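Comments concern the structure below.
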Amino acid sequence: MAKPIQVKLVRSPIGRPEKYRIILKALGLTRLNKTVDLYSTPTIVGAIRKVIHLVEVTER
């Protein structure tokens with residue numbers, strides 16, 4: 001069973017590669033300080049690892 005996690009966008013994607021912006025949009029992170037609740041599936045964890053320097057992750 002996948003654990004619920006909370007992902008918050010803490011750094012701006014401005015000036016970052018387009019690939020990072022696409023990943024953030026797919027995760028549902030469109031604005032700074034926006035928080036989304038997700039389940040830690042392998043797909044989601046892989047996407048978060050790509051942009052870990054822009055987000056903050058906490059377990060729920």
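Everything quoted here is computed from the prediction, not taken from an experiment.
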My understanding is that only residues two or more places apart in sequence, or in another chain, count here; which of them pass ring-ring contact (aromatic ring centres under 6.0 Å, His included) with Tyr20?
His53
For Glu18, what residues pass the salt bridge (Lys or Arg N to Asp or Glu O under 4.0 Å) criterion, not counting sequence neighbours?
Arg21
Contacts of type salt bridge (Lys or Arg N to Asp or Glu O under 4.0 Å), residue Arg60, not counting sequence neighbours
Asp37
Residues at least two apart in sequence or cross-chain that pass side-chain contact (heavy atoms from CB on, under 4.5 Å) with Thr30, listed by chain then number, are Lys34
For the student: nearest non-hydrogen atoms of Leu32 and Arg11, plus distance:
CD1-C, 3.6 Å
Honestly curious: do Val55 and Val10 fall in one hydrophobic cluster under the side-chain, below-4.5 Å linking rule?
no
Within one Ile-Leu-Val-Met-Phe-Trp-Tyr cluster: Val57 and Leu29, side-chain cutoff 4.5 Å:
yes
List the atom pairs, donor and acceptor, that lie under 3.5 Å between side-chain atoms in residues 40-52 and the rest of the protein, sequence neighbours left out.
| residue | atom | partner | partner atom | Å |
| --- | --- | --- | --- | --- |
| Ser40 | OG | Lys3 | N | 3.3 |
| Ser40 | OG | Lys3 | O | 3.2 |
| Thr41 | OG1 | Ile44 | N | 3.4 |

Please determine which of Leu38, Thr35, Val36 meets the side chain to side chain contact (heavy atoms under 4.5 Å, CB included) test together with Gln6.
Thr35
Do any pairs count as a salt bridge (Lys or Arg N to Asp or Glu O under 4.0 Å) and have a residue in residues 24-33, sequence neighbours left out, and if so which ones?
none
